[in-house]
Amino acid sequence: ARERFRGAFEAIQEHFQESFRTLFGGGRAELRLSEEDEDVLEAGIEVAAQPPGKRLQKIGLLSGGEKALTAVALLVSLFRYRPSPFCILDEVDAPLDEANVERFTRLLQELRSDTQLILITHNRKSMEAADLLYGVTMEEPGVSKILPLRFE
Amino acid sequence: ARERFRGAFEAIQEHFQESFRTLFGGGRAELRLSEEDEDVLEAGIEVAAQPPGKRLQKIGLLSGGEKALTAVALLVSLFRYRPSPFCILDEVDAPLDEANVERFTRLLQELRSDTQLILITHNRKSMEAADLLYGVTMEEPGVSKILPLRFE
Amino acid sequence: LRLDRMEILGFKSFYGRTRFDFPDGITAVVGPNGCGKSNIGDAISWVLGEQKASSLRSDRMEDVIFNGSEGRRPLGMAEVSLHFKNLLADGNGHANGNGHGAGNGHGAAPEVTVAADREVPIPEAAESARPAAGGAPESQAAALRITEIEEIPEEVVVTRRIYRSGESEYVLNGQRCRLKDIQDLLARTDIGSRLYSTIEQGKIDQVLAARPKDRRAMFEEAA
Amino acid sequence: LRLDRMEILGFKSFYGRTRFDFPDGITAVVGPNGCGKSNIGDAISWVLGEQKASSLRSDRMEDVIFNGSEGRRPLGMAEVSLHFKNLLADGNGHANGNGHGAGNGHGAAPEVTVAADREVPIPEAAESARPAAGGAPESQAAALRITEIEEIPEEVVVTRRIYRSGESEYVLNGQRCRLKDIQDLLARTDIGSRLYSTIEQGKIDQVLAARPKDRRAMFEEAA
Ligand SMILES: Nc1ncnc2c1ncn2[C@@H]1O[C@H](COP(=O)(O)OP(=O)(O)OP(=O)(O)O)[C@@H](O)[C@H]1O
Ligand SMILES: Nc1ncnc2c1ncn2[C@@H]1O[C@H](COP(=O)(O)OP(=O)(O)OP(=O)(O)O)[C@@H](O)[C@H]1O
Ligand SMILES: [Mg+2]
Ligand SMILES: [Mg+2]
């Protein structure tokens with residue numbers, strides 16, 4: 001069990017560094033097993049991130065958008081290691097600026113061959129990146145309906 | 001003290017209902033003093049909201065955008081009752097759809113004669129509604145600078 | 001494994017029977033504030049067995065039943081069905097086009113030992129087998145037990161219902177079963193416990209903000 | 001009362017002396033993720049007396065001092081100054097253009113009783129009076145005490161400094177004072193305790209989500 005976990009941890013770590021660099025256009029990030037636990041099977045996981053041009057810091061000091069982007073990088077690294085058949089992301093692009101929304105949707109393109117992705121969003125750039133668009137309306141107040149949409 | 005509080009509560013309640021109707025284009029909202037406390041000076045304040053076409057419900061059941069909009073209505077009602085010289089809103093428009101961003105910025109216009117408003121945003125429609133634009137950049141990585149901007 | 005489609009009836013703001021087809025690739029779901037987008041995510045979490053009302057933004061589980069609008073009265077039941085294709089195949093099942101997922105899945109079908117072993121294969125998901133809408137629960141007797149199943153059908157349908165009384169029902173291809181049967185079945189697929197495949201609105205930071213020990217659970221799930 | 005401008009030095013990502021003029025009406029602050037927009041809001045909360053490091057997204061108060069970048073070493077001090085016009089006037093002071101806010105403000109100037117009463121009017125805010133940047137705190141002796149002040153000058157400058165040692169300094173128009181002096185002064189203006197005038201990123205729901213008793217504090221502040 002210990003070997004398996006270590007193997008998974010190392011592989012996810014590599015994916016995480018790669019996804020982080022893609023999303024931030026540089027910089028680096030790292031996952032560390034917290035030292036205070038002796039046993040690998042008990043240890044918690046610490047995350048440190050260094051956006052380009054900044055110092056390596058704990059994730060608490062990152063900005064709102066930097067945190068969301070780092071979280072997406074971690075999520076993508078878990079999916080890369082072990083794909084899940086589906087993924088639902090509810091407005092994760094809300095805190096991102098335009099440049100980061102583009103990098104985010106480009107990264108999602110890499111997951112789409114293994115995973116059915118549902119992206120709930122208000123952001124036009126994210127809508128443009130999708131293969132298909134569904135609209136949810138309340139033509140009748142208080143009652144939801146789902147309609148396929150074409151993108152104008 | 002009791003009279004003063006009641007007077008303030010009633011006035012804020014009126015502003016809240018008005019701001020809510022402006023932001024949601026209809027519906028109604030209400031503030032209630034929680035019954036369990038005997039004394040007006042101790043009672044907590046409950047909020048209930050009814051977006052147009054829906055039933056009156058507790059604010060927990062509202063959607064992300066509906067909650068943000070209701071919170072803005074409450075904030076504006078406090079400002080209407082007792083203006084504060086300044087107000088800083090950090091990305092409160094992030095969960096809103098385009099139609100609600102427009103209603104939100106229109107409402108802010110009403111506050112601008114008494115209050116200096118600072119609106120941190122990534123949303124183009126909010127930028128367009130501002131009188132002035134400041135850009136924050138990190139030309140030198142890790143070091144912030146502030147520059148006045150013109151809107152293209 | 002592929003998600004084929006979901007049918008929602010009386011769940012949150014979905015009053016009438018609503019169908020949501022799951023395409024491949026990236027699907028964007030859009031619409032004004034409060035129209036019901038996040039309720040779709042809640043429906044998926046719920047039918048896959050979510051037990052905490054607070055994860056569905058509700059106080060009690062019965063709150064997920066349509067509780068009325070300006071023009072409609074509250075309903076007595078909520079039901080969501082999720083249709084899978086090639087439940088046990090690797091990846092998203094495109095490879096084994098022969099239609100029977102068990103063909104090149106993980107080999108042996110799910111083995112769930114239960115109190116009284118009965119040989120009940122999962123019946124083919126009949127398109128027309130609409131569970132009786134409305135209030136009356138099916139008879140208890142037909143509860144399903146999964147045992148040695150040779151052939152898992154091409155399509156597996158997981159259904160969950162809840163009544164105003166708070167009673168929940170789980171159904172697998174039209175046959176009543178227990179929550180545990182569904183959880184055991186899903187645990188053998190790539191869905192796992194879904195710790196990281198659903199990110200709720202405003203909760204993207206939780207992936208990072210969790211305490212190091214909690215974060216570990218996501219890694220163990222993946223490992 | 002009007003906010004005129006803020007000067008930031010060594011606070012969070014603002015390394016060099018940065019000036020932020022407060023226009024009337026609505027000012028939009030824009031820029032890429034991580035460029036320092038929310039740090040401006042933090043600077044305003046901090047100079048007005050915020051005591052909880054967690055409200056400034058930091059573990060300890062010293063974390064607000066610039067702690068280095070790829071090209072620069074960490075600084076030893078952070079300082080923020082907030083320049084007000086017509087501190088005690090009603091509304092935002094346009095009405096009494098005579099330049100001395102106390103003209104038609106709330107009448108009597110702030111009355112702060114302190115241990116040893118000394119008649120120390122607030123000196124005019126000298127543009128050039130740059131507090132010595134770097135580490136050495138000013139001598140303790142010149143601490144300011146606000147007593148019966150006849151004339152509040154047109155411009156009042158509130159300054160806060162912190163050193164790596166964790167020691168905080170408060171300055172009013174160039175004279176050292178206590179946090180309490182600043183809080184008492186602000187309490188008499190329309191700023192009050194700022195409960196509802198600063199909404200941090202991602203916290204708009206807190207206005208609603210607070211427990212009913214906490215929400216009450218906002219109402220009392222306004223009443
Ligand atoms: N049991 C229920 N019965 C009827 N309506 C319900 C029920 N539960 C929730 N709703 C309604 O669903 C709406 C919220 O839907 P949802 O959260 O999916 O919106 P959304 O599309 O995600 O909006 P946003 O873009 O603001 O996040 C609420 O307005 C609420 O009235
Ligand atoms: N003491 C400090 N010294 C140097 N840099 C700091 C310090 N504290 C915070 N920062 C930097 O400030 C940045 C965050 O700034 P801020 O939160 O203001 O960004 P923002 O413009 O609001 O971004 P977003 O649009 O993502 O919300 C972080 O990247 C962090 O490195
Ligand atoms: Mg939503
Ligand atoms: Mg920010």
Side-chain angles (χ1 to χ4, degrees), chain B residues 19-30 34 36 46-76 89-107 121-126, chain C residues 8 10-16 18 20 28-46 50 52-76 78 162 164 166 198-207 209:
Chain B
S19 309
F20 184 90
R21 266 200 303 281
T22 312
L23 282 174
F24 280 82
R28 72 186 181 86
E30 107 193 15
S34 19
E36 71 254 12
E46 310 274 354
V47 183
Q50 182 176 8
K54 300 183 178 175
R55 295 159 63 96
L56 187 72
Q57 57 197 3
K58 274 183 294 184
I59 47 184
L61 274 182
L62 295 176
S63 79
E66 289 172 336
K67 267 194 209 134
L69 223 54
T70 306
V72 168
L74 185 56
L75 206 71
V76 168
L89 300 175
D90 195 344
E91 303 201 21
V92 297
D93 54 359
L96 304 181
D97 61 40
E98 281 192 17
N100 282 333
V101 169
E102 297 225 2
R103 280 195 279 255
F104 162 66
T105 50
R106 226 175 296 134
L107 191 70
T121 180
H122 291 296
N123 194 307
R124 277 197 174 278
K125 289 240 182 308
S126 295
Chain C
I8 312 172
F11 181 87
K12 290 209 169 190
S13 53
F14 293 95
Y15 175 79
T18 313
F20 184 91
V29 175
V30 303
N33 289 132
C35 68
K37 300 184 297 294
S38 298
N39 291 344
I40 294 172
D42 290 344
I44 295 173
S45 293
W46 186 69
E50 178 62 68
K52 284 203 317 267
S54 60
S55 304
L56 299 165
R57 302 179 290 156
S58 306
D59 295 335
R60 297 163 312 156
M61 235 3 151
E62 307 81 274
D63 288 348
V64 302
I65 304 172
F66 180 80
N67 62 15
S69 67
E70 208 171 58
R72 294 193 190 264
R73 298 170 57 75
L75 287 178
I162 187 167
R164 280 283 168 208
T198 306
I199 303 292
E200 289 171 45
Q201 189 168 355
K203 300 255 191 307
I204 180 70
D205 284 357
Q206 304 241 323
V207 173

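First the proteins, then the strands, lettered A, B, ... as listed; each starts at 1.
- Heavy atoms closer than 4.5 Å to chain C are found in both the backbone and the side chain of B/L96.
- For the set C/S38, C/G68, C/G31, the entry with the most heavy-atom pairs within less than 4.5 Å of chain B is C/G68.
- Here B/K58 contributes atom NZ and C/D63 contributes atom CG; the two are 7.0 Å apart, rounded to the nearest 0.5 Å.
- The most heavy-atom pairs under 4.5 Å with chain C, out of B/G65, B/S63, B/G53, B/G64, come from B/G53.
- Between the side chain of C/N33 and the main chain of B/E66, no donor-acceptor pair closer than 3.5 Å is present.
- For the set C/Q201, C/R57, C/E70, the entry with the most heavy-atom pairs within less than 4.5 Å of chain B is C/E70.
- Looking at C/S69, both its backbone and its side chain come within 4.5 Å of chain B, counting heavy atoms on both sides.
- Annotation: maximal heavy-atom pairing with chain C below 4.5 Å, among B/N100, B/D97, B/L62, B/L61, occurs at B/D97.
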